[in-house]
Undergrad: 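Supplied in structure tokens, the structure appears directly below.
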Amino acid sequence: MSAARLVFLGSDPIALPLLDWLAGPGAAHAKIVAIFTQPDRPVGRGQLVQANAIKQWALRHGLPVHQPDKITETVRAELANLDASVALVMAYGHILRDDFIATPKWGTLNLHTSLLPKYRGASPIQTAVASRERGTGVSLMRIVKRLDAGPVAATERVDVLPLDTAADVEAKLASACVPLVARALPLLIAGDLSFVDQDEGAATYSRKLQKEDGALDFAAPATRLAGRINGLYPWPTCRVELNGQQLKIGLADCYSPEAAEVDPFGVGSASPGTVLGSDPEGLLVMTGGGVLRLRRLQRPGGKMLPAAEFVRGYPIPAGTMLPSVPMSALLVSR
């Protein structure tokens, strides 16, 4: 089989392991002929305009780079001139027109970071972790007009461990794209890659996250709070106000005082949001259902630290009340 001519569309570093594979062992199956990515943007505190990681990768590999502000007929004509066998999309950031999707000979495929039809939408990784899923994955699908609703050809599953954050799971999913595409590409080239329609009745939707989603309501159960903290790290990151400062929380789990013979922290009489004390792994906070253990904390301008190290420099005594703020649901109806 001759190598397919592949155009890649993406703007996020999650695609870098796959691109490295396509430029190495995967080159026997597909030759990348161009990269489409978002225009250069200002980043960081200094707001310096920089190329994203995908563009930087493409330039290192001597590939032509297209950075349209939006998908127009001119951009579609540029794609057509590349004579692509297939376009592969992952975290691109543009809505693609139907005629653009249909331009490559075999159409346009998308890598979506969930096991579809669960967690369609903008934040599938964060929402899966926040929902305390014990597994998620990557789906290779055809792009259709409706959001993440196209038929699926193949998936690759990864485990979500109890102390995994969204950053940890994203790294697993980035690696999982390689075996998924390695299996699918030869079948696609041979005309043997089959697609299965999604079960619409099982579809769930994740929404675009906002900074305000980092709020915590300690009247919620500890399991829900721990999932949200881990799922929203590193962005937008959950936080709590203390002494006029916004403390960021980078990792959490549930503490089980019932495992001890006695209740050393007075759990039975504490109100949600009350700091009960600490153990070697973190700061213990009463919730509306169980005890939450905050394992990593960060002051403004400081580094994210293990809680035991954090409280040595910033004591948070037992009895301190952490304020609650209402939390918005991460799953939406559409």
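On a predicted model such as this, the values are computed, not experimentally measured, just so you know. Residue indices begin at 1 and follow the sequence shown.
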Undergrad: In Å, rounded to the nearest 0.5 Å, how long is the span from CZ of R207 to OG of S328?
TA: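 With rounding to 0.5 Å, CZ (R207) is 5.5 Å from OG (S328).
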Undergrad: Report yes or no: do L140 and V138 belong to one cluster of Ile/Leu/Val/Met/Phe/Trp/Tyr joined by side chain heavy-atom distances under 4.5 Å?
TA: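 Same cluster.
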Undergrad: As a quick check of understanding, evaluate salt bridge (charged side-chain N to carboxylate O under 4.0 Å, His left out) for E281 and R296, giving each step before the final call.
TA: CA-CA 9 Å; E281 301 300 326; R296 293 181 193 156; over 6 Å; no
Undergrad: Is any side-chain heavy atom of Q126 closer than 4.5 Å to a side-chain heavy atom of W235?
TA: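 Counting from C-beta outward, Q126 and W235 never come under 4.5 Å.
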Undergrad: Mind listing the closest non-hydrogen atom pair of M304 and Y233 along with its distance?
TA: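 Minimum heavy-atom separation between M304 and Y233: CE-CE1, 3.7 Å.
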Undergrad: Walk me through it: do I95 and I71 pass the test side chain to side chain contact (heavy atoms under 4.5 Å, CB included)?
TA: CA-CA 8 Å; I95 296 175; I71 304 301; over 6 Å; no
Undergrad: Check whether any side-chain N or O of S206 sits under 3.5 Å from a backbone N or O of R120 as a donor-acceptor pair, and report yes or no.
TA: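 Yes; at least one donor-acceptor contact below 3.5 Å.
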Undergrad: Any side-chain heavy atom of P151 within less than 4.5 Å of one from V196?
TA: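 With C-beta onward as the side chain, the pair stays apart.
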Undergrad: Are the side chains of T320 and T274 in touch, meaning some heavy atoms are under 4.5 Å apart?
TA: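 A side-chain contact is absent here, since even the closest heavy-atom pair is not under 4.5 Å.
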Undergrad: Any Lys/Arg nitrogen of D199 or K118 sitting under 4.0 Å from an Asp/Glu carboxylate oxygen of the other?
TA: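 No.
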Undergrad: May I ask you to establish whether R293 and Y255 are in a cation-pi arrangement, using a distance under 6.0 Å from NZ or CZ to the six-membered ring centre and at most 45° from the ring axis?
TA: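 Cation-pi check for R293 and Y255: fails.
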Undergrad: Starting at CH2 of W106, measure out to CZ of R5 and round the result to the nearest 0.5 Å.
TA: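 Atom-to-atom, W106:CH2 and R5:CZ are 11.5 Å apart.
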Undergrad: How long is the straight-line distance from CD1 of I32 back to CG of L22, given to the nearest 0.5 Å?
TA: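 The CD1 atom of I32 is 4.5 Å from CG of L22, to the nearest 0.5 Å.
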Undergrad: Among L216, I249, L209, T237, find the one that has a side chain to side chain contact (heavy atoms under 4.5 Å, CB included) with L232.
TA: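 Of the listed residues L216, I249, L209, T237, the side chain to side chain contact (heavy atoms under 4.5 Å, CB included) partner of L232 is L209.
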Undergrad: State plainly whether one hydrophobic cluster holds both L79 and L6, where clusters connect Ile, Leu, Val, Met, Phe, Trp and Tyr through side-chain heavy atoms under 4.5 angstrom apart.
TA: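 Cluster IDs for L79 and L6 differ.
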Undergrad: Does any N or O in the side chain of Q298 come within less than 3.5 Å of the main-chain N or O of G302, such that one atom is a donor and the other an acceptor?
TA: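 It does hold such a pair.
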Undergrad: Do F195 and L109 come close enough that some side-chain heavy atom pair is under 4.5 Å?
TA: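 A side-chain contact under 4.5 Å exists here.
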Undergrad: What is the distance from atom CZ of R312 to atom CG of L305, rounded to the nearest 0.5 Å?
TA: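 Reported value, rounded in 0.5 Å steps: 9.5 Å.
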Undergrad: Is there a continuous path of hydrophobic side-chain contacts, each under 4.5 Å between heavy atoms, that joins M90 to L63?
TA: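 Linked within one cluster.
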Undergrad: Report the C-alpha distance between M327 and R228 in whole Å, list the side-chain angles of each, state the deciding distance to 0.1 Å, and finish with yes or no for side chain to side chain contact (heavy atoms under 4.5 Å, CB included).
TA: CA-CA 10 Å; M327 301 185 301; R228 193 175 185 99; 3.4 Å; yes
Undergrad: Is a donor from one side chain sitting under 3.5 angstrom from an acceptor on the other, for Q38 and N52?
TA: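 Short answer, no.
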Undergrad: On the 0 to 90° scale, with breaks at 30° and 60°, tag the W57-H61 ring pair as parallel, tilted or perpendicular.
TA: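 W57 vs H61 ring planes: parallel.
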Undergrad: Would you compute the distance between atom CG of D40 and atom CD of Q50 and round it to the nearest 0.5 angstrom?
TA: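 Answer rounded to 0.5 Å: 9.0 Å.
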Undergrad: Can you give the donor-acceptor pairs under 3.5 Å from side chains of residues 158-168 to other protein atoms, not counting sequence neighbours?
TA:
unit_1	atom_1	unit_2	atom_2	d
D159	OD1	R157	NH1	2.6
D164	OD2	L161	N	2.8
D164	OD2	K172	NZ	2.6
T165	OG1	A167	N	3.3
T165	OG1	D168	N	3.3
T165	OG1	D168	OD2	3.2
D168	OD2	T165	N	2.9

Undergrad: Which heavy atom of A149 sits nearest to which heavy atom of E200, and what is that distance?
TA: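 Looking at all heavy atoms of both residues, the closest pair is CB-OE2, 4.1 Å.
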Undergrad: Is it the case that the side chains of S11 and T37 hold a donor-acceptor pair, with the cut-off being a distance below 3.5 Å and no angle test?
TA: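 T37 vs S11: donor-acceptor pair found between side chains.
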Undergrad: Would you say the side-chain atoms of S139 pair up with the backbone N or O of M141, donor to acceptor, closer than 3.5 Å?
TA: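 Pair absent, no side-chain N/O of S139 close to backbone of M141.
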Undergrad: Can you list everything that forms a ring pair (Phe, Tyr, Trp, His ring centres under 6.0 Å) with Y205? Sequence neighbours excluded, please.
TA: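 For Y205, no residue satisfies ring pair (Phe, Tyr, Trp, His ring centres under 6.0 Å) once neighbours in sequence are set aside.
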Undergrad: Side-chain contact, heavy-atom cut-off 4.5 Å: D217 with V325?
TA: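 Sidechains of V325 and D217: no contact.
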Undergrad: Is there a donor-acceptor pair under 3.5 Å between the side chain of R224 and the backbone N or O of R132?
TA: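 A pair under 3.5 Å: no.
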Undergrad: Using a 3.5 Å cut-off and no angle test, enumerate the donor-acceptor pairs between side-chain atoms of residues 177-190 and protein atoms at least two apart in sequence or in another chain.
TA:
unit_1	atom_1	unit_2	atom_2	d
R183	NH1	E156	OE1	2.6
R183	NH2	T155	O	2.9
R183	NH2	E156	OE1	3.3

Undergrad: Test of understanding: clusters of I, L, V, M, F, W, Y form through side-chain heavy atoms closer than 4.5 Å, transitively. Do L322 and L225 belong to the same one?
TA: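 Yes, one cluster joins them.
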Undergrad: Give the minimum heavy-atom separation between L242 and Y314, together with the two atoms involved.
TA: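 Closest heavy-atom pair between L242 and Y314: O-OH, 3.4 Å.
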Undergrad: Heavy atoms only: give me the nearest A3-A30 pair and the separation to one decimal.
TA: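 Minimum heavy-atom separation between A3 and A30: CB-N, 4.0 Å.
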Undergrad: Quick one: does any side-chain atom of T136 pair with a main-chain N or O of S114 as donor and acceptor, under 3.5 Å?
TA: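 Checking the backbone N and O of S114 against the side chain of T136, no donor-acceptor pair under 3.5 Å is found.
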Undergrad: So, for A222 and L292, which heavy atoms are closest and what is the spacing to 0.1 Å?
TA: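 Shortest heavy-atom separation between A222 and L292 comes out as O-CD1, 3.8 Å.
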Undergrad: A side-chain contact here means heavy atoms from C-beta on lying under 4.5 Å apart; do L294 and V240 qualify?
TA: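 Counting from C-beta outward, L294 and V240 never come under 4.5 Å.
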Undergrad: Going by atom types only, do S123 and T127 share a side-chain donor-acceptor pair under 3.5 Å?
TA: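 On atom types as modelled, these side chains qualify, holding a pair under 3.5 Å.
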Undergrad: Working note: E212 + R239, criterion salt bridge (charged side-chain N to carboxylate O under 4.0 Å, His left out); need CA distance, chi angles, decisive distance, verdict.
TA: CA-CA 10 Å; E212 293 73 23; R239 67 194 73 87; over 6 Å; no
Undergrad: Quick one: pull up OH in Y119 and CG in D148 and give me the separation to the nearest 0.5 Å.
TA: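 Result: 14.0 Å between the selected atoms.
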Undergrad: Looking at N230 and A252, would you say the former's side chain and the latter's main chain have a donor-acceptor pair under 3.5 Å?
TA: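 At least one qualifying donor-acceptor pair exists.
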Undergrad: With a 4.5 Å cut-off on side-chain heavy atoms, are T108 and R142 touching?
TA: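 They are not in side-chain contact.
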Undergrad: Any side-chain donor paired with an acceptor under 3.5 Å for T103 and R76?
TA: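 Yes, R76 and T103 have a side-chain donor paired with an acceptor closer than 3.5 Å.
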Undergrad: Under the side chain to side chain contact (heavy atoms under 4.5 Å, CB included) criterion, do F218 and S271 qualify, and how do the steps go?
TA: CA-CA 9 Å; F218 292 101; S271 300; over 6 Å; no
Undergrad: Do the rings of H66 and F36 sit parallel, tilted or perpendicular, given the 30° and 60° boundaries?
TA: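 H66 vs F36 ring planes: parallel.
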Undergrad: Is it the case that Q67 and K55 place a side-chain donor and acceptor less than 3.5 Å from each other?
TA: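 Yes, side-chain donor-acceptor contact under 3.5 Å.
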Undergrad: Heavy atoms, side chains only, cut-off 4.5 Å: are D99 and E73 in contact?
TA: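 SC-SC contact between D99 and E73 confirmed.
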Undergrad: Could you walk me through whether K303 and F310 satisfy the side chain to side chain contact (heavy atoms under 4.5 Å, CB included) test, starting with their C-alpha distance in whole Å, then the side-chain angles of each, then the deciding distance to 0.1 Å, before giving a yes or no?
TA: CA-CA 9 Å; K303 295 180 179 179; F310 180 91; over 6 Å; no
Undergrad: Starting from L88, can I reach V33 by hopping between I/L/V/M/F/W/Y residues whose side chains sit under 4.5 Å apart?
TA: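 No; tracing contacts between hydrophobic side chains, which count when under 4.5 Å, never links both residues.
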Undergrad: Grab the two heavy atoms, one from A307 and one from L283, that are nearest each other, plus how far apart they are.
TA: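 Heavy atoms only, the tightest pair is CB-N, 3.9 Å.
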